[in-house]
Amino acid sequence: LEGGLDDAIINVNQDAIYDLDGTDDYISLAAFQTQHRGTFSYAMWVNMDDWTPSGDEMFFGTNNGTDQDAIAGYTDSGGNIKFSYVSNGTGKSAHTASNPGLGNGTWNHLAFTMSGTSTGAMKIYINGVEQTLDGTHDGAFAGNKALWTSADEVFVGAYDNAGTASSFLEGKIADVRLYTAVLTAAEIQVLASRINVDTALGPGTGSLYGYWPIAGTRIDITDNSVNS
C-alpha cells in the first residue's frame with residue numbers, strides 16, 4: 001500500500017501480522033513505572049475491523065485496579081480517539097474533537113505524547129497530524145506524574161485492569177514503540193511514513209525505550225530496543 005495521506009507518505013510493507021480477535025487476544029509488555037513518571041510517547045500502527053466499535057477498544061492500557069494509576073489509548077463507540085492518564089488518583093484525558101473518519105480495515109498511525117516532569121500536556125497524532133482536542137478533554141494534566149507507583153503491566157490490544165484483560169481490540173496492531181521523550185510532529189511523521197521503519201530513522205534511539213515490531217517476516221512480539 002503506497003500513497004499520500006495528509007502530511008505523511010504511507011509505504012506499508014507488511015508480511016506476517018498478528019490478528020487480534022477482539023475476544024481474548026492481547027500482548028503483555030511491562031509496567032514502565034519509571035517511564036510513566038516523566039515525559040513519554042507511545043506510537044503504533046493500528047488496523048481496526050471497525051473504527052466505531054460497540055464499546056471501547058484499547059490500543060494499549062493499564063490500571064492498577066483502584067484507578068490510582070492508569071494510562072490508556074483507545075477508541076470509543078463514536079469513533080473518537082482518546083488518551084487518558086491518572087497518577088495517584090488525579091487524572092486527565094485528551095479526546096479528539098470529533099470522529100476522525102478512519103476507514104474500517106485500513107492502517108493508520110497513532111501517536112500519544114505526554115510532556116512535562118510533573119504536570120503535563122497530552123497530545124494525539126493520527127497519520128502524522130496533531131489532532132484538535134475536545135475543549136473539555138484537552139489533555140492538560142495538572143497532577144503529579146512523579147507519584148505514579150503502579151506495577152501493573154501495559155497490555156497492547158486490551159486493558160490491564162489489575163491483571164484482568166478487558167476492552168479487547170478486534171483488528172491488527174504493529175510497530176509499537178515507547179519513547180522516553182516527547183516526539184515532535186516531524187519525528188512522528190517519519191514513524192507514520194512506514195510500518196517498522198528503521199529505528200535509526202526519525203527519533204534518536206537514545207529515547208527509544210521499547211520497540212515491538214509485531215509485524216515482519218515473522219510475528220515478533222519481543223522488545224527489539226537496546227533496553228531489552
Side-chain angles (χ1 to χ4, degrees), residues 1-10 12 14 17 19-23 25-26 41-63 70-86 91-115 120-141 154-159 161 165-177 182-185 187-189 191-195 214:
L1 172 65
E2 298 182 5
L5 185 57
D6 292 323
D7 293 334
I9 303 301
I10 305 303
V12 177
Q14 62 188 56
I17 302 287
D19 199 347
L20 301 162
D21 64 9
T23 302
D25 289 345
Y26 64 92
S41 302
Y42 279 91
M44 63 203 67
W45 282 88
V46 181
N47 183 337
M48 293 189 65
D49 292 359
D50 186 353
W51 282 93
T52 55
S54 59
D56 295 347
E57 292 193 12
M58 293 284 159
F59 312 127
F60 67 96
T62 184
N63 178 356
I71 188 171
Y74 61 104
T75 186
D76 66 7
S77 59
N80 299 296
I81 306 300
K82 298 183 175 181
F83 177 27
S84 63
Y85 177 87
V86 181
K92 190 63 179 179
S93 294
H95 298 178
T96 54
S98 61
N99 180 340
L102 305 178
N104 295 342
T106 64
W107 283 103
N108 294 275
H109 187 265
L110 306 177
F112 306 86
T113 69
M114 169 69 95
S115 68
M122 305 161 69
K123 295 183 178 181
I124 299 172
Y125 293 79
I126 301 176
N127 297 319
V129 179
E130 183 180 348
Q131 300 298 294
T132 299
L133 300 179
D134 178 318
T136 302
H137 305 95
D138 60 2
F141 177 73
V154 172
F155 287 174
V156 169
Y159 192 53
N161 189 8
S166 63
S167 301
F168 297 96
L169 182 140
E170 186 172 4
K172 305 175 182 69
I173 298 181
D175 197 6
V176 176
R177 298 164 184 252
V182 177
L183 299 185
T184 66
E187 289 170 333
I188 291 171
Q189 285 167 12
L191 297 179
S193 68
R194 187 171 182 174
I195 290 181
I214 305 177

| request: Check whether any side-chain heavy atom of Tyr125 lies under 4.5 Å from a side-chain heavy atom of Thr113, and answer yes or no. | output: yes
| said: Looking at Met44, is its backbone amide N or carbonyl O close enough to the side chain of Asp175 to form a donor-acceptor pair, meaning the two atoms are under 3.5 Å apart? | reply: no
| field | Evaluation steps, side chain to side chain contact (heavy atoms under 4.5 Å, CB included), between Asp56 and Thr75 | value | CA-CA 6 Å; Asp56 295 347; Thr75 186; over 6 Å; no
| note | Rounding to 0.5 Å, atoms NZ (Lys92) and OG1 (Thr136) come to a distance of 7.5 Å
| Would Tyr85 and Met114 count as a side chain to side chain contact (heavy atoms under 4.5 Å, CB included) if you check the C-alpha gap in whole Å, the side-chain angles of each, and the deciding distance to 0.1 Å? | CA-CA 9 Å; Tyr85 177 87; Met114 169 69 95; 3.6 Å; yes
| request: Return the orientation label for the Phe60 and Phe83 ring planes: parallel under 30°, perpendicular over 60°, tilted otherwise. | output: tilted
| task | Report yes if the side chains of Phe59 and Val156 come closer than 4.5 Å at any heavy-atom pair, otherwise no. | result | no
| Considering only heavy atoms from C-beta outward, does the side chain of Gln131 approach that of Ile81 to under 4.5 Å? | no
| said: Is a donor from one side chain sitting under 3.5 angstrom from an acceptor on the other, for Asp25 and Thr23? | reply: no
| task | Answer yes or no: is there a donor N or O on one side and an acceptor on the other, between the side chain of Asp19 and the main chain of Lys172, under 3.5 Å? | result | no
| request: Taking all heavy atoms of Gly101 and all of Asn99, pick out the closest pair and write down the distance. | output: N-OD1, 2.7 Å
| query | What closest approach, in Å, do Ala158 and Tyr26 show between heavy atoms, and which atom pair accounts for it? | reply | CB-CB, 3.5 Å
| query | Distance from Glu57 atom CD to Trp51 atom CH2, nearest 0.5 Å? | reply | 10.0 Å
| Reported OG-to-CG distance for the pair Ser167 and Asp76, which is rounded to 0.5 angstrom | 11.5 Å
| From Met48 atom CE to Ile173 atom CD1, the distance as rounded to the nearest 0.5 Å | 8.5 Å
| query | In Å and rounded to the nearest 0.5 Å, what is the OG1 to CD distance from Thr184 to Glu130? | reply | 11.0 Å
| Check: Thr52 side chain, Ser77 main-chain N or O, donor-acceptor pair, under 3.5 Å | no
| request: For Ser84 and Ser93, work out which heavy atoms get closest and say how close. | output: CB-OG, 3.5 Å
| Do you see a donor-acceptor pair shorter than 3.5 Å between the side chains of Thr106 and Asn108? | yes
| query | Backbone N or O of Thr96 within a donor-acceptor pair of the Asp134 side chain at under 3.5 Å? | reply | no
| message | Rounded at 0.5 Å granularity, tell me how far CG in Asn127 sits from OG in Ser193. | response | 11.0 Å
| With a 4.5 Å heavy-atom cut-off, do Thr62 and Ile71 have their side chains touching? | yes
| field | CA sep, side-chain torsions, deciding dist, call: Leu169, Met58, side chain to side chain contact (heavy atoms under 4.5 Å, CB included) | value | CA-CA 6 Å; Leu169 182 140; Met58 293 284 159; 5.8 Å; no
| task | Go through Asn80 and His95 one step at a time and tell me if the side chain to side chain contact (heavy atoms under 4.5 Å, CB included) criterion holds. | result | CA-CA 7 Å; Asn80 299 296; His95 298 178; 5.5 Å; no
| query | Mind checking whether Asp49 and Asn104 have side chains closer than 4.5 Å, heavy atoms only? | reply | no
| query | Would you say Lys123 has more than 12 foreign heavy atoms packed within less than 6.0 Å of its NZ? | reply | no
